[in-house]
Amino acid sequence: MDMEEIRALRHTLHGCPERSGQEARTRAVLTDFLTRRTTLELHPCGAGFYAAHREPDGARPPLALRADYDALALPGGGAAHLCGHDGHAAALCAAALSVQGEQLGRDAFFLFQPAEETGTGAPGCLELFEREQVAQIYGAHNLPGLPLGQMVTRPGTFACASRGVTLSFLGRPTHAAYPEHGLSPAPAVGRLLCALPGLSDPARFGGMTLCTVIGAEMGERAFGTAAAQAEVWLTLRAERDEDLELLFTGLLRLAQSLATECGLAFDHQVQDVFPATVNDPACAQRVLELCGGSLLDAPMRWSEDFGHYLRRRPGAFFGIGAGEGCPPLHTQDYQYPDALLEPTAAAFRALLLG
């Protein structure tokens with residue numbers, strides 16, 4: 001395995017960032033790289049693809065390894081690799097190259113997934129489990145703030161469930177001089193925002209829960225007309241899927257009650273839905289033993305659509321330190337460190353060989 005080639009691949013991917021659902025060029029770069037350098041079978045899978053290493057006499061359970069490859073959408077309309085998915089995909093390519101011509105004693109599948117940032121990529125790739133006999137699945141994410149190459153995981157929840165929610169309130173417009181003739185959403189929205197901290201009170205749940213205000217919009221800058229419609233944007237987050245459902249149900253009940261009391265029409269939408277990423281205890285222990293990992297005390301607060309896979313097969317998701325001085329994920333100064341490619345590929349390889 002030539003790590004210089006892998007670093008060059010990572011830089012190529014970094015130079016062609018594509019938003020979730022629009023990763024045509026990224027996919028082409030990855031499939032071309034694997035086609036030229038391996039004899040692995042390449043198959044479409046959802047909007048992504050997987051590479052298959054098959055052994056006719058494999059005695060051990062087949063494993064799948066997954067990497068994402070979409071970039072982060074930018075407010076201005078572009079995209080940038082500010083989460084390290086370029087590094088994840090390059091490291092998985094390195095792991096695939098490392099088994100070229102080897103006998104592992106098992107079939108191995110390298111799953112390359114789009115659209116992780118929006119939570120829409122993994123559901124389409126679940127067809128891997130219908131096509132192939134996969135006993136376990138593993139994935140990893142780089143973690144700025146931890147020493148470079150340090151592996152961490154935990155049994156149970158590794159990353160939280162989350163859901164974006166848009167609450168819409170519609171009243172009746174009126175002239176600003178006669179507010180009593182209209183129906184303003186302002187009282188309902190104000191009371192809702194004040195009630196949110198109590199709604200996500202940890203004492204009501206079995207694990208960590210959060211209800212974060214992303215933004216709100218009401219009326220428009222037209223000083224002769226009183227506001228008649230409003231939206232509130234929230235992200236709900238919980239350590240356990242059942243707590244997220246409880247929080248979501250309570251939020252809708254509260255919002256509907258306030259809307260009814262104020263005579264408003266009410267509606268809602270959900271987006272960016274992520275289940276909790278819940279590791280199988282035995283698979284998490286396997287990561288700790290084979291990859292030299294350490295135990296993570298608490299779940300990561302962010303979300304990861306790898307949880308869809310873990311609902312279908314046992315497996316584990318783990319973190320790999322990107323360096324204590326590495327800028328945080330999703331910030332403009334972040335860039336996946338090339339020095340992390342080799343330890344990530346080595347961790348994937350250890351899971352295949354162990």
Side-chain angles (χ1 to χ4, degrees), residues 1-17 23 26-27 29-38 40 42 48-53 63-72 81-100 102 104 108-114 116-117 121-122 125 137-144 146-153 158 287 290-293 304-306 309 315-323 326 329 334-354:
M1 177 177 56
D2 185 348
M3 288 308 300
E4 189 57 42
E5 277 193 320
I6 299 301
R7 284 189 287 273
L9 171 63
R10 208 280 298 173
H11 285 267
T12 297
L13 295 173
H14 191 78
C16 63
E23 309 96 329
T26 301
R27 174 175 167 163
V29 168
L30 291 167
T31 55
D32 179 70
F33 182 90
L34 292 169
T35 299
R36 289 174 179 272
R37 292 165 177 81
T38 76
L40 298 173
L42 300 188
F49 70 96
Y50 66 93
H53 167 95
L63 297 187
L65 303 174
R66 173 274 208 172
D68 40 22
Y69 58 75
D70 56 327
L72 187 70
H81 275 295
L82 302 179
C83 200
H85 297 184
D86 51 341
H88 298 166
L92 189 58
C93 283
L97 263 63
S98 77
V99 304
Q100 177 68 20
E102 289 198 26
L104 303 176
F109 304 98
F110 303 88
L111 175 60
F112 293 84
Q113 182 211 299
E116 187 282 326
E117 293 290 354
C125 292
I137 185 167
Y138 295 87
H141 203 293
N142 73 97
L143 295 180
L146 291 181
L148 186 76
Q150 179 180 330
M151 313 288 172
V152 293
T153 193
F158 178 89
V287 171
L290 295 176
C291 304
E304 167 52 70
D305 72 357
F306 194 84
Y309 303 125
F317 198 72
F318 58 101
I320 307 181
C326 183
L329 300 172
Y334 171 84
Q335 184 168 165
Y336 184 97
D338 284 341
L340 189 54
L341 290 167
E342 192 163 5
T344 303
F348 283 148
R349 180 176 169 82
L351 291 167
L352 294 175
L353 296 177

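We're numbering straight along the sequence, starting at 1. Computed from a predicted model, the values in this text were never measured in an experiment.
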Exercise for review: Determine whether Asp2 and Leu97 make a side-chain contact, defined as any pair of heavy atoms from C-beta on separated by less than 4.5 Å.
Suggested key: no

Practice item. For the residue pair Cys291 and Pro343, establish whether any side-chain heavy-atom pair is separated by less than 4.5 Å. Key: no

Practice item. Report the C-alpha distance between Glu4 and Arg7 in whole Å, list the side-chain angles of each, state the deciding distance to 0.1 Å, and finish with yes or no for side-chain contact (heavy atoms from CB on, under 4.5 Å). Key: CA-CA 5 Å; Glu4 189 57 42; Arg7 284 189 287 273; 2.9 Å; yes

Check your understanding: Under a 4.5 Å cut-off applied to non-hydrogen side-chain atoms, are Ile137 and Phe109 in contact?
Key -> no

Review point. Where the side chain of Ser98 meets the backbone of Ala95, is there a donor-acceptor pair that is under 3.5 Å apart?
Key: yes

Point to revise | Side-chain (His85) to main-chain (Asp70) donor-acceptor, under 3.5 angstrom | key: yes

Practice item. Look at the rings of His141 and His88 and say which category their plane angle falls in: under 30° parallel, 30 to 60° tilted, over 60° perpendicular. Key: perpendicular

Exercise for review: Apply the test side-chain hydrogen bond (donor to acceptor under 3.5 Å, both in side chains) to residues Asp338 and His11: give CA-CA distance (whole Å), side-chain angles for both, the deciding distance (0.1 Å), then the verdict.
Suggested key: CA-CA 9 Å; Asp338 284 341; His11 285 267; 2.7 Å; yes

Practice item. Report yes if some heavy atom in the side chain of Thr344 is under 4.5 Å from a heavy atom in the side chain of Tyr336; otherwise report no. Key: yes

Point to revise | Thr153 side chain vs Phe317 backbone, donor-acceptor pair below 3.5 Å | key: yes

**Study point:** Side-chain heavy atoms of Asn142 within contact of Tyr334, under 4.5 Å
**Key:** yes

Practice item. Could you check if a side-chain atom of Phe348 sits within less than 4.5 angstrom of a side-chain atom of Leu63, using non-hydrogen atoms only? Key: no

Practice item. May I ask you to decide whether Glu116 forms a salt bridge with Arg66, counting only side-chain N to carboxylate O separations under 4.0 Å? Key: no

Point to revise | Candidates Tyr69, Tyr309, Tyr50 - the one meeting side-chain hydrogen bond (donor to acceptor under 3.5 Å, both in side chains) with Gln113 | key: Tyr309

Check your understanding: Hey, are the side chains of Phe49 and Leu30 touching, using non-hydrogen atoms and a 4.5 Å cut-off?
Key -> yes

**Study point:** Arg349 bridged to Glu102 by N-O distance under 4.0 Å
**Key:** yes

